[in-house]
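Below, read A as the first sequence line, B as the second, and so on, with proteins coming before strands; counting in each chain starts at 1.
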Number of protein chains: 2
Amino acid sequence: MTVETTDFAKALREAGLRVTQQRMVVLSVLTGTSDHPNADELLTRARAVDETVSLATVYRTLSALEDAGLIRKLSLENEPSRYEIAPALDHDHLVDIDTGEVIELPSEDVHRLRVELAARLGYEVISQHTLIRARKITTPPQG
Amino acid sequence: MTVETTDFAKALREAGLRVTQQRMVVLSVLTGTSDHPNADELLTRARAVDETVSLATVYRTLSALEDAGLIRKLSLENEPSRYEIAPALDHDHLVDIDTGEVIELPSEDVHRLRVELAARLGYEVISQHTLIRARKITTPPQG
DNA sequence: ATGAGTGCAAACAGTTTGCACAACC
DNA sequence: GGTTGTGCAAACTGTTTGCACTCAT
């Protein structure tokens with residue numbers, strides 16, 4: 001919708017970034033999904049909207065958007081980084097090591113604890129993220 | 001000391017791995033340091049002991065040791081993985097984003113909480129690690 | 001002696017970059 | 001119109017792998 005389009009443009013402008021077709025597309029793709037796509041997946045989805053987008057631009061855009069605080073980059077283990085729009089409430093991620101599915105976990109309270117802990121050590125927390133690797137329990141806990 | 005050497009050999013053997021000069025060296029280097037070296041740094045330190053060690057072998061050794069549960073791999077952001085011997089009590093890491101220094105933080109209680117949370121979602125936690133990016137506070141909090 | 005481990009160099013994956021052209025302000 | 005962004009291809013970094021040889025068991 002035009003409303004959303006305007007929102008993206010506004011967000012970009014407020015971040016001091018030029019409003020380009022490519023950035024709009026990347027932002028809209030990320031906004032319109034609840035999963036956590038990586039650069040390659042973003043390229044594919046972006047190209048479904050605008051055929052001309054290149055992988056280099058996707059990376060440059062992601063980097064710019066991250067610096068602007070509009071999106072968050074998830075550095076997982078042994079696989080390409082994934083991205084999500086910067087969440088209002090901070091959360092961590094559980095990765096299903098069998099399927100690769102990523103689940104968001106609430107973590108405000110734990111994060112608050114860590115901020116205090118870090119402060120006691122003389123540090124200001126810039127970011128924190130917990131990555132949990134887990135496996136779905138198949139056998140019901142029985143007797 | 002010979003005692004240590006024997007320990008390394010024993011640990012390797014118990015893990016079902018052949019005892020090679022290279023694996024002994026990598027294990028001893030990792031045991032003898034409190035920082036968290038990456039593969040390149042490990043190569044340099046290993047070569048100080050055994051000139052013939054190659055980078056490929058360092059990687060293959062690290063991978064084998066990790067699978068055996070003898071060491072832990074730390075996947076940081078935008079930089080090569082770092083390694084530490086598998087800690088008795090689990091902990092998280094705070095990275096000073098200015099100096100790169102890595103500080104270990106206790107986290108058993110928080111980890112326990114997450115295990116419960118994951119269990120409620122039907123997941124068994126395989127591993128969890130929190131990466132905190134922080135900056136040393138220079139200006140005292142005043143007005 | 002046989003199979004696992006090694007060194008080397010080449011391959012690989014993800015990401016970044018130099019350059020010429022295009023598009024935003 | 002000038003500067004910032006883009007596409008393309010080439011470069012780069014961290015890591016993995018094929019092969020011939022070596023060594024632990």
Legend entry - Among dG7(C), dT15(C), dT15(D), the nucleotide that comes nearest once only the side chain of Pro80(B) is considered: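 Comparing dG7(C), dT15(C), dT15(D) against the side chain of Pro80(B), the answer is dT15(D).
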Between [atom2] of [N] and [atom1] of [X], the distance in whole Å:
X	N	atom1	atom2	answer
Asp67(B)	dA4(C)	CG	P	16 Å
Glu77(B)	dG14(D)	CD	C1'	16 Å
Leu42(A)	dT15(C)	CG	P	11 Å
Tyr83(A)	dT15(C)	OH	C1'	9 Å
Leu55(A)	dG7(D)	CG	P	10 Å
Leu17(A)	dT6(D)	CG	C1'	15 Å
Arg82(A)	dT15(C)	CZ	C1'	16 Å
Leu43(B)	dC8(C)	CG	P	10 Å

Legend entry - Most 5' of Asp50(A) and Asp40(B) on DNA chain D, judged by nearest nucleotide: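 By nearest-heavy-atom nucleotide position, the 5'-most residue is Asp50(A).
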Legend entry - Base dT3(D) paired with Arg18(A) side chain (donor-acceptor, <3.5 Å):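 By the distance-only test, yes, there is a pair.
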Inset, instruction - Could you check if a side-chain atom of His93(A) sits within less than 4.5 angstrom of a side-chain atom of Thr130(A), using non-hydrogen atoms only? - result: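 A side-chain contact under 4.5 Å is absent here.
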Legend entry - Heavy-atom side-chain proximity of Glu77(B) to Val95(B) below 4.5 angstrom: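 Sidechains of Val95(B) and Glu77(B): no contact.
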Inset, instruction - Using a 4.0 Å heavy-atom cut-off across all strands, classify Ser81(B) as base, sugar-phosphate, or nothing. - result: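 Since only primed, P, OP1 and OP2 atoms lie under 4.0 Å of Ser81(B), the category is sugar-phosphate.
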Inset, instruction - Would you indicate what Gln22(A) reaches in the nucleic acid, counting non-hydrogen atoms under 4.0 angstrom: base, sugar-phosphate, or nothing? - result: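 Result for Gln22(A) = sugar-phosphate.
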Inset, instruction - Report yes or no: does Arg72(B) contribute a side-chain atom to a donor-acceptor pair with the main-chain N or O of Pro87(B) at less than 3.5 Å? - result: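 Side chain of Arg72(B) to backbone of Pro87(B): no pair is present.
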Inset, instruction - Tell me yes or no: between the side chains of Asp90(B) and His129(B), is some donor less than 3.5 Å from an acceptor? - result: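 Not at all, the side chains of Asp90(B) and His129(B) share no donor-acceptor pair under 3.5 Å.
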Inset, instruction - Indicate whether any N or O donor in one side chain lies under 3.5 Å from an N or O acceptor in the other, for Arg23(B) and Thr61(B). - result: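 There is no such pair (donor and acceptor under 3.5 Å, judged by atom type) between the side chains of Arg23(B) and Thr61(B).
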Respond yes when some side-chain nitrogen or oxygen of [X] is under 4.0 Å from OP1 or OP2 of [N], and no when none is.
X	N	result
Thr57(A)	dG7(D)	yes
Thr20(B)	dC23(D)	no
Tyr59(B)	dT16(D)	no
Arg23(B)	dG5(C)	yes
Thr52(A)	dG7(D)	yes

Legend entry - Which residue lies more 5' along DNA chain C, comparing Arg47(B) with Asn38(A) via nearest heavy atoms: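 Result of the comparison: Arg47(B).
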